[in-house]
Amino acid sequence: MTPERPRRADATEAQVETPTVVSRADEPSALYRPGSAPLYAALDLGTNSCRMLIAQPQGSQFAVVDSFSKSVQLGVGLEASGRLSRASMGRTIQALRICEKKIEKHGVRRMRLVATEACRRARNARDFIRQVRRETGLALEIIAPEEEARLAVISCAPLVNPSTEQLLVVDIGGGSTELVWIDLSSVPPADRPRAIMRLHMGFNAQGEGAVARVVDWISVPLGVATLKDQFGDVDDDSARFALMSWFFEENLASFSPYNADNPREGFQIIGTSGTVTTVAASFLNLKRYDRTKVDGLQMTSDQIDLVIREYLALGPEGRRTDPRIGRDRHALIMSGAAILQALMRIWPTDRLSVADRGLREGLLYAQMSADGVLEDGPYT
């Protein structure tokens with residue numbers, strides 16, 4: 001019997017969970033009330049992009065006041081040289097100057113500005129951090145992989161289904177990919193998002209009520225940029241994609257759930273990254289990206305595979321001009337898709353939840369929770 005071809009959804013019939021967090025807006029949120037609460041900033045400097053959010057606590061969530069995102073390609077050439085190049089540092093500092101002006105404009109006093117995999121790996125990262133401080137006044141901190149994974153997890157708490165007993169959160173970055181497997185089976189369904197949020201205190205965090213148990217987590221030093229660089233000498237598009245996908249899977253061997261017999265019932269994957277949101281936008285056939293249609297969308301393994309096959313059929317030139325992919329993403333989408341395909345091959349699921357949120361949102365939640373400025377609610 002011929003398997004049924006996955007049907008493409010349109011934006012009106014897509015299954016979307018309504019998230020209660022306000023984030024990733026291009027314009028200030030309608031919930032923002034000037035002067036009514038302190039402002040917080042969160043900056044994520046990754047291997048490929050520099051992103052920042054400025055937000056204000058509002059009840060048990062937050063409202064975005066300003067945002068910034070730019071592809072700076074900080075990690076270009078890092079695989080070969082082990083160092084950040086002068087050109088990539090120059091591009092990044094230009095972007096950070098814009099961030100500093102936004103922070104100053106809004107009078108932000110509480111902030112956390114972090115750098116991830118590229119700066120963890122580069123031999124000259126400390127010199128770069130000092131240069132950033134000297135030229136922009138911004139104090140970047142290089143965070144450990146565990147903290148990066150933890151912050152990505154708590155940002156996704158609103159998307160956890162009440163029926164989820166086993167949760168896999170995947171954050172596909174430019175230089176690394178974080179996977180966290182969480183057992184929620186002992187947590188009452190209504191308390192599961194709250195239990196996820198409690199992880200901002202650590203993967204072994206305790207506290208009142210049932211606890212989300214972190215079964216295992218891993219930071220694979222392969223993201224969309226670093227994986228692409230590994231196979232840059234392979235000319236054939238399809239062969240390069242297959243090699244990237246299998247190579248990524250090989251790097252999961254030490255992740256304990258890799259060889260487990262995982263049931264599909266009560267299992268949920270949440271994917272947070274530009275790759276996952278781009279695949280979702282392509283599935284919805286969005287010519288113009290719309291976060292409200294993407295964040296919380298649920299996709300099946302078959303639907304993801306359909307989009308990836310379309311990408312392969314387009315070829316490099318077709319992907320470059322496809323408006324659903326975008327100019328900043330086309331060169332990296334196949335390495336990201338290779339990672340996503342590997343995950344779907346290992347853990348097939350009927351509900352991958354697409355999260356247009358990540359490290360910045362996690363940084364904001366962690367700061368606001370620590371300061372006690374979020375009202376009691378399901379995500380505090």
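Taking both residues in full, the closest heavy atoms of Arg192 and Ser163 are given as NH1-C, 3.6 Å, listed atom of the first, atom of the second, then distance. When every heavy atom of Met299 is checked against every heavy atom of Ala280, the shortest pair comes out as SD-CA, 3.8 Å. Among all heavy-atom pairs drawn from Pro348 and Ser301, the shortest one is CA-OG, 3.6 Å.
Between Val279 and Phe283 the shortest side-chain heavy-atom distance does not fall below 4.5 Å. Here the side chains of Met111 and Ile103 are in contact, with some heavy-atom distance below 4.5 Å. Two residues are said to be in side-chain contact when any heavy atoms from C-beta on lie closer than 4.5 Å; Val132 and Thr92 fail this criterion. Residues Phe68 and Ile54 are not in side-chain contact: their nearest non-hydrogen atoms beyond the backbone lie 4.5 Å or more apart. The shortest distance between side-chain heavy atoms of Phe128 and Leu74 falls below 4.5 Å. Side-chain contact between Leu312 and Met334 is present, with heavy atoms from C-beta onward closer than 4.5 Å. Side chains of Leu159 and Arg357 form a contact here, defined as non-hydrogen atoms less than 4.5 Å apart. Between Thr278 and Tyr289, the closest side-chain pair of non-hydrogen atoms is not below 4.5 Å.
Using a 3.5 Å distance cut-off with no hydrogens or angles, the side chains of Ser69 and Arg360 do not pair a donor with an acceptor. A donor-acceptor pair shorter than 3.5 Å can be found between the side chains of Gln341 and Ser245. Counting only N and O atoms by type, the side chains of Thr292 and Asp290 include a donor and acceptor under 3.5 Å apart. Counting only N and O atoms by type, the side chains of Ser185 and Asp183 include a donor and acceptor under 3.5 Å apart.
Within the 3.5 Å criterion, the main-chain N or O of Asp295 finds no donor-acceptor partner in the side chain of Asp356. Under the 3.5 Å distance criterion, the side-chain polar atoms of Arg324 are left unmatched by any main-chain donor or acceptor of Leu284. For Ser155 (side chain) and Gly358 (main-chain N/O), a donor-acceptor pair under 3.5 Å exists by modelled atom type. Judged by distance alone, with hydrogens and angles left aside, the side-chain atoms of Arg110 form no donor-acceptor pair with the main-chain N or O of Tyr40 at under 3.5 Å. In this structure a side-chain-to-backbone donor-acceptor pair under 3.5 Å is missing from Ser49 to Arg51. In this structure a side-chain-to-backbone donor-acceptor pair under 3.5 Å is missing from Thr164 to Val160. Of the possible donor and acceptor atoms, none in the side chain of Arg133 sits under 3.5 Å from a partner among the backbone N and O of Leu140. A distance-only check finds no donor-acceptor pair linking the side chain of Glu147 to the backbone of Ala144 [under 3.5 Å]. Panel note: side chain Thr349, backbone Gln268; no donor-acceptor pair is recorded below 3.5 Å. Of the possible polar contacts, one joining the Asn124 side chain to the Leu84 backbone as a donor-acceptor pair under 3.5 Å is found.
When the salt bridge (Lys or Arg N to Asp or Glu O under 4.0 Å) test is applied to Lys102, the partners found at least two apart in sequence or on another chain are Asp66.
How far CG of Leu96 is from CD of Glu100: 10.0 Å, rounded to the nearest 0.5 Å. Put simply, OG on Ser88 and CD1 on Ile93 are 9.5 Å apart, with the number rounded to the nearest 0.5 Å. Rounding to the nearest 0.5 Å gives a distance of 5.5 Å between CG of Leu45 and SG of Cys50.
Between Phe241 and Phe231, the distance separating the two ring centers is not shorter than 6.0 angstrom. The ring of Tyr258 has its center no closer than 6.0 angstrom to the ring center of Trp181.
More than 12 heavy atoms of other shown residues, nucleotides or ligands fall within 6.0 angstrom of atom CG in Asp236.
Listed by first then second residue, pairs satisfying salt bridge (Lys or Arg N to Asp or Glu O under 4.0 Å) with a partner in residues 329-345 read Glu249-Arg345, not counting sequence neighbours.
Looking at Arg97 and Glu135, a side-chain N of the basic residue comes within less than 4.0 Å of a carboxylate O on the acidic one, giving a salt bridge. With respect to the salt-bridge test (charged N to carboxylate O, under 4.0 angstrom), the residues Arg130 and Asp127 qualify. Under a 4.0 Å N-O distance rule, the pair Arg120/Glu117 qualifies as a salt bridge.
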Q.
For a side chain to side chain contact (heavy atoms under 4.5 Å, CB included) check, start with the C-alpha distance between Val294 and Leu286, then their side-chain angles and the critical distance, and finish with the verdict.
A. CA-CA 10 Å; Val294 170; Leu286 299 179; 3.9 Å; yes

